[in-house]
Amino acid sequence: MKALIYSGPGKINCESVPDPALIDEKSAIVKTTSCSICGSDLHPYHVDLGRPTYCIGHEAVGEVVELGREVKNFAVGDRVLLAASLGCGKCQPCREGNVVFCQTHRTLRAFGQSLPDIGGCQAQAVAVPVADDNMFHLPDNLSDEVGLMLTDTLSTAWFAARRARVGPGDVVAVIGLGAVGLSSVMCALAMGACRVLAIDLLPNRRRHAAELGAESVENPDVIAGVKELTKDRGVDVVIDANGGAVTTALAIDLIAKGGRISTVGISEQLTIPFPIKAGLYKNMEFHTGICSVQAQVPALVRELERGRLDSAALSKMITHRMGLSEGKEAYAFFDSRNDGVLKVLLDPST
Ligand SMILES: NC(=O)c1ccc[n+]([C@@H]2O[C@H](COP(=O)([O-])OP(=O)(O)OC[C@H]3O[C@@H](n4cnc5c(N)ncnc54)[C@H](O)[C@@H]3O)[C@@H](O)[C@H]2O)c1
Ligand SMILES: [Zn+2]
Ligand SMILES: [Zn+2]
């Protein structure tokens, strides 16, 4: 099969590799129908994380083509979405959906992270470990595009908003309007936020947020802009979907007294400065973490089916389609942020 192979910063190529095989009787083989590139894939593209050559990608939807004998919930031919995060399915946290706390594996497991026994999803087929726990049926009324958003991006946004307990009447600021941040705008509004203020360096992304119902902060001095918009009060919640020193400091500046910050953006630095004194005097809460996709998908599918989250708006976040064979060009293009690119769908058939 064809797959995107990462061999160091800036080096991604579409190559022929052996077809995946069942890992054990609990696993499945899924032939991908669509896969996508995430902001998280850009971190190893920018920075050497010491990973060997491996197949990258953690976002895919597809069709089950082979099943181990112990898989109970799926049949060959089923349309599925793969959860980016992977659990053992047996331990207590995994049974509750909190796979990032898996007690069997201890370290975080996800597709496309260079784990020896787990492949990447930017490929024509993927072996899914513990299939009953690590993939979901994708209902016919949800498109491949929406399925891709559920695999990680939308789930992360929902997780971020839930951790900050976004609720009716909250004023929320979202920093970083990539696909995760824009999805966070949608989730905050669905949870009852009365206002969402949208912050990004890129005007087209701020416009996109405004189309979703946010108020875009246009003042280049963001702190002054948010002060104006909130009559000096600040915001109840900040979702930081960029992560890193600059946006962490900004989040602490923007938060009102007693406010909640939820950071899901991942810094490319191991440590960053943290203006703790400013936060201390605000009695702020600071949350950060990795999303267990399994804990979010069932609620999100219900929200999509009830229409509280708009499937069409989610699909619009996938701004470009390219062939898997154009993976090298697709990464360079996604990284360039040219032409309003927000998320690129890779078609494994071309
Ligand atoms: N915690 C998790 O479980 C989890 C899951 C998925 C993704 N992520 C992370 O979430 C982040 C967002 O993912 P994405 O796909 O939306 O990525 P992205 O790179 O498309 O989005 C980041 C956005 O932040 C903006 N930005 C950068 N610096 C800024 C600044 N100083 N002020 C305002 N905006 C700024 C950029 O312009 C961009 O629009 C990534 O770091 C990704 O690794 C985390
Ligand atoms: Zn992702
Ligand atoms: Zn487990």
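Indexing begins at 1, ligand by ligand and atom by atom, following the structure's order. Everything numeric here is computed off the predicted structure, so don't read it as measured data. Values below: every heavy atom of this structure, side chains too, minus hydrogens, waters and symmetry copies.
- Among all protein heavy atoms, the one lying closest to atom 15 (O) of ligand 1 is G39 N, 3.0 Å.
- The nearest heavy-atom contact from the protein to atom 42 (C) of ligand 1 is S40 OG, 3.2 Å.
- Taking the Zn ion (ligand 2) as reference, the nearest N/O/S atom within D152 carries the name OD2.
- With a 4.0 Å heavy-atom cut-off, ligand 1 is reached by the side chain of T156 but not by its N, CA, C or O.
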*Do K343 and T153 pass the side chain to side chain donor-acceptor pair (under 3.5 Å) test, and can you show the C-alpha distance, the side-chain angles, and the key distance before you say yes or no?*
CA-CA 10 Å; K343 202 155 182 82; T153 303; 3.3 Å; yes

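- If you look at the Zn ion (ligand 3), the protein N, O or S atoms less than 2.8 Å from it are C88 SG, C91 SG, C94 SG, C102 SG.
- Here's the thing with L42: none of its N/O atoms is less than 3.5 angstrom from an N/O atom of ligand 1.
- Considering backbone and side-chain atoms together, V264 places an N or O closer than 3.5 Å to an N or O of ligand 1.
- Aromatic pair F334/H320: ring centres not closer than 6.0 Å.
- The proximity of C291 to ligand 1, defined as any non-hydrogen pair under 4.0 Å, involves the side chain as well as the backbone.
- The shortest heavy-atom contact between V301 and P139 is CG1-CG, 4.2 Å.
- The nearest heavy-atom contact from the protein to atom 41 (O) of ligand 1 is I266 N, 3.0 Å.
- The closest approach between a heavy atom of S155 and any atom of ligand 1 is not below 4.0 Å.
- The protein heavy atom nearest to atom 38 (C) of ligand 1 is R205 NH1, 3.3 Å.
- The Zn ion (ligand 2) is closest to atom OE2 of E59 (considering only N, O or S atoms).
- None of D144, L148, T33, V80 except one satisfies the side chain to side chain contact (heavy atoms under 4.5 Å, CB included) rule with L138; the exception is D144.
- Nearest protein neighbour of atom 13 (O) of ligand 1, counting heavy atoms only, is V180 CG2, 3.4 Å.
- Heavy-atom separations between R337 and ligand 1 include at least one value shorter than 4.0 Å.
- Summary of contacts: the protein heavy atom closest to atom 25 (C) of ligand 1 is D200 OD2, 3.2 Å.
- Counted within 6.0 Å of CD1 on I276, heavy atoms from surrounding residues, nucleotides or ligands total 12 or fewer; the atom is thus considered open.
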*Under the side chain to side chain donor-acceptor pair (under 3.5 Å) criterion, do S16 and K2 qualify, and how do the steps go?*
CA-CA 5 Å; S16 290; K2 295 265 186 274; 3.1 Å; yes

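- Between the side chains of S36 and E59, at least one donor N or O sits under 3.5 Å from an acceptor N or O.
- For ligand 1, one of its N or O atoms has an N or O atom of A179 under 3.5 Å away.
- Counting only N and O atoms by type, the side chains of Q294 and N134 include a donor and acceptor under 3.5 Å apart.
- The closest non-hydrogen atom to atom 1 (N) of ligand 1, taken over S267, G244, G289, comes from G289.
- At a 4.0 Å heavy-atom cut-off, ligand 1 touches H43 through the side chain alone.
- Ion pairing of K26 with E70 is present here, as a side-chain N (NZ or NE/NH1/NH2) and a carboxylate O approach within less than 4.0 Å.
- If you check which protein heavy atom lies closest to atom 12 (C) of ligand 1, you get A241 O, 3.0 Å.
- For Y45 and Y6, the gap between ring centers reaches or exceeds 6.0 Å.
- Residue A164 comes nearest to S262 through the heavy atom pair CB-CB, 3.8 Å, listed as atom of the first residue, atom of the second, then distance.
- At a heavy-atom distance under 4.0 Å, only side-chain atoms of D152, from C-beta outward, approach ligand 1.
- No side-chain donor-acceptor contact under 3.5 Å links S85 to the backbone of A110.
- In the vicinity of G178, heavy-atom distances shorter than 4.0 Å reach the ligand 1 atoms 16 (O), 20 (O), 21 (O), 23 (C), 39 (O).
- Results of the salt bridge (Lys or Arg N to Asp or Glu O under 4.0 Å) test with E285 over K257, R260, R165 single out R165 as the only residue that passes.
- Here is the list of ligand 1 atoms found below 4.0 Å of a heavy atom in T247: 29 (C), 30 (C), 31 (N), 32 (N).
- Using a distance-only test at 3.5 Å, with no hydrogens or angles considered, no donor-acceptor pair links the side chain of K31 to the main chain of V64.
- Under 4.0 angstrom from ligand 1, the non-hydrogen atoms of V246 all belong to its side chain.
- The residue from V196, V226, D170 that alone fulfils the side chain to side chain contact (heavy atoms under 4.5 Å, CB included) condition with V235 is V226.
- At a heavy-atom cutoff of 4.0 Å, ligand 1 is contacted by no atom of V222, backbone or side chain.
- For the side chain to side chain contact (heavy atoms under 4.5 Å, CB included) test with F136, the passing option among N73, L81, L300 is L81; the others fail.
- Within the 3.5 Å criterion, the main-chain N or O of S27 finds a donor-acceptor partner in the side chain of D24.
- For atom 28 (N) of ligand 1, the nearest protein heavy atom (residue, atom name, distance) is N242 ND2, 3.6 Å.
- Annotation: I175 places no N or O atom under 3.5 Å from an N or O atom of ligand 1; distance criterion only.
- Side-chain contact annotation: Q92 with N98, donor-acceptor N/O pair under 3.5 Å absent.
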